[in-house]
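These notes concern the structure reproduced below.
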Amino acid sequence: TSVEYYCTIFTLDESRLTKGLIWAGSDDGLVHVTRDGGKSWANVTPPKDIMPEWIQINSIEASPNDPATAFVAATAYKSDDHHPYLYRTTDYGKTWKKIVSGIQDNAFTRVIREDPNKKGLLFAGAETGIYLSLDNGDNWEQFQLNLPVVPITDLAFHQRDNDLIIATQGRAFWVMDDLPILHQLTASVRTADAHLFQPKPAYRYAGRGPSTVTVNYLLKNKATEVGIEFLDAAGKSIKKFSTKDKENATTVAAGLNRYSWDMRYPDATSFPGMIYWAANSRGPVAVPGTYTVKVTVDGKAFSQPFEIKKDPRMGGSIPDLQKQFDLSLQLRDKVTQTNDAVIRIRDIRKQIDDLVARTATEKAVVEAGKKLAKDLTAIEEELYQTKNQSNQDPLNFPIKLNNKLAALLGVVQSSDTAPTAQSNQVFEDLATKVNGRLRRLDTLVNQDIPALNKLVRDAAIPAIKLAPAATAAQ
């Protein structure tokens, strides 16, 4: 295998800040640096009193934040030495400091990396897991989270997306995708009763991708109630969540809590038993831009701004997405109006049916009630296909206005582009038809129902009708 050959350059790293600045480490314990692109090299190996001779320089990290700084991870486990060996220089290798405080004495370290977006935030990959330093390596703490106990062989950052990619020995690749939490983690934050971290920018992915905004908040002690509200750039509320929600409830546990919002505005209203065919009534997705999240912990509110970004792979422009959003919101609201009308009709008709059932002897009231119920049903049947009892029934019975609107909503939201002229025209046609039915409903509510109520009053029909009392016991 040739591993017995020494004097081999084992690791090399070029500075991202200074052209020609290159660091090299060998498998026989030497560190060299060049500042002229390799024309001349200086031996800057850490002294023997802090680093054993013949140790393997496993990785070198040229600091992405300071050209004079570099970090070294070395291993000697092949010589039955399992101690961690990490070093830092801040003067191009003239002096070195061993930085292993807090790392287990038998957890030898293969790699050390500095966050390119946060100076002094370091990660070290050890034989038993990962370690974190918030103070440039002076102090370390285990940062295992849900990572299994496994050797860490390499670490890399995705600078744009603030992600840490972790390579393990036999347990797959792992990604930690919320590094901005650590960027904001100060001593005061750790001791605060509650703290809301600023969310990292979130991408609105094209098509049906998993677009989410992740909100992280820290609680010193378990809370009673946590409310989360998302607001647009004008401060207008988009959506609210609470601990009492039946679905997607907020969490109140001591420690770090996480909540994800799917970037969608509230869905259209629905009603029990409603069946759509090839349609949905989901709320529109937020347009890329600036937003605010407000977290209220037992009455105390915290706010942070965040940004939703456009999918860089997507061709549509922000104005196109705004047009899509505007029409989607109109469609959602019209679906809500339509379904609210169905709910209202059913509520009124139930009251009429109850009235007719207990006033069978009042002919005028019964006839007026039945006519009103029939007129209401006629409107309902134009708004919704009332014959639907199963998901396959729309194959036999034509869809009605609410289903047509919801189907058009799905079409408009099916791609991240501006709505077509046809979509706008279809919406205008459907909205006009719905508005006509809603006006007819308003007429019944404002004229026919008061007339029926007058008949009831004139007939002196009691609000509560008592059954005959049972014969008293002798």
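No experiment lies behind these values; they were computed from the predicted model shown. Positions are given from 1 along the sequence.
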Test item: [X] side-chain N/O and [Y] main-chain N/O as donor-acceptor pair under 3.5 Å:
| X | Y | result |
| --- | --- | --- |
| Ser423 | Pro419 | no |
| Asp154 | Ala167 | no |
| Arg88 | Lys97 | no |

For Lys294, check side chain to side chain contact (heavy atoms under 4.5 Å, CB included) against everything at least two apart and list the hits.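 Glu229, Leu231, Thr296, Ala301, Ser303.
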
Partners passing side chain to side chain contact (heavy atoms under 4.5 Å, CB included) against Thr417 (at least two apart in sequence or in another chain):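 With neighbours one apart ignored, the set is Ser415.
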
Cation-aromatic face contact Arg35/Tyr92, 6.0 Å, 45 degrees: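 Ring-cation test returns yes.
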
Looking only at the aromatic ring of each residue, does the gap between the centers of [Y] and [X] stay below 6.0 angstrom?
| X | Y | result |
| --- | --- | --- |
| Phe143 | Tyr131 | no |
| Phe230 | Trp261 | yes |
| Tyr217 | Tyr259 | no |

Note, [X] side chain near [Y] side chain (heavy atom, < 4.5 Å):
| X | Y | answer |
| --- | --- | --- |
| Leu401 | Arg437 | yes |
| Tyr384 | Arg346 | yes |
| Pro199 | Val293 | yes |
| Leu430 | Lys334 | no |

side-chain hydrogen bond (donor to acceptor under 3.5 Å, both in side chains) between Asp262 and Thr212: does it pass, once the steps are laid out? CA-CA 4 Å; Asp262 62 4; Thr212 56; over 6 Å; no

Can you tell me how far apart [atom1] ([X]) and [atom2] ([Y]) are? Round to the nearest 0.5 Å.
| X | Y | atom1 | atom2 | value |
| --- | --- | --- | --- | --- |
| Phe71 | Trp23 | CZ | CH2 | 10.5 Å |
| Lys433 | Leu383 | NZ | CG | 12.5 Å |
| Asp115 | Asn162 | CG | CG | 6.5 Å |
| Lys220 | Asp193 | NZ | CG | 5.5 Å |

Walk me through it: do Glu127 and Arg110 pass the test salt bridge (Lys or Arg N to Asp or Glu O under 4.0 Å)? CA-CA 7 Å; Glu127 177 67 5; Arg110 287 187 170 91; 2.6 Å; yes

Fit a plane to each ring of Phe306 and Tyr291, take the angle between them on a 0 to 90° scale, and name the class: parallel (under 30°), tilted (30 to 60°) or perpendicular (over 60°).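 Parallel: the ring planes of Phe306 and Tyr291 meet at under 30°.
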
Kindly assign one of parallel, tilted or perpendicular to the pair Tyr87 and Tyr85, based on the angle between their ring planes and the thresholds 30° and 60°.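 Taking Tyr85 first and then Tyr87, their aromatic rings lie parallel (interplane angle under 30°).
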
Is it the case that the side chains of Ser63 and Asp66 hold a donor-acceptor pair, with the cut-off being a distance below 3.5 Å and no angle test?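 Side-chain D/A pair, Asp66 to Ser63: absent.
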
Report yes or no: do Ser390 and Asn388 form a side-chain donor-acceptor pair below 3.5 Å?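 Side chains of Ser390 and Asn388: no pair found under 3.5 Å.
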
So which heavy atom on Ile343 is nearest to which on Ser270, and how close?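 For Ile343 and Ser270, the tightest heavy-atom pair comes out as CD1-O, 3.7 Å.
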
Which atom pair, heavy atoms only, marks the closest approach of Asp245 to Asn248?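 Taking Asp245 first and Asn248 second, the nearest heavy atoms are OD2-O, 4.3 Å.
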
Using atom types as modelled, flag every donor-acceptor pair under 3.5 Å from a side chain in residues 172-182 to any protein atom, sequence neighbours excluded.
{"residue": "Trp174", "atom": "NE1", "partner": "Arg171", "partner atom": "O", "Å": "2.8"}
{"residue": "Asp178", "atom": "OD2", "partner": "Asn216", "partner atom": "ND2", "Å": "3.2"}
{"residue": "Asp178", "atom": "OD2", "partner": "Arg258", "partner atom": "NH2", "Å": "2.9"}

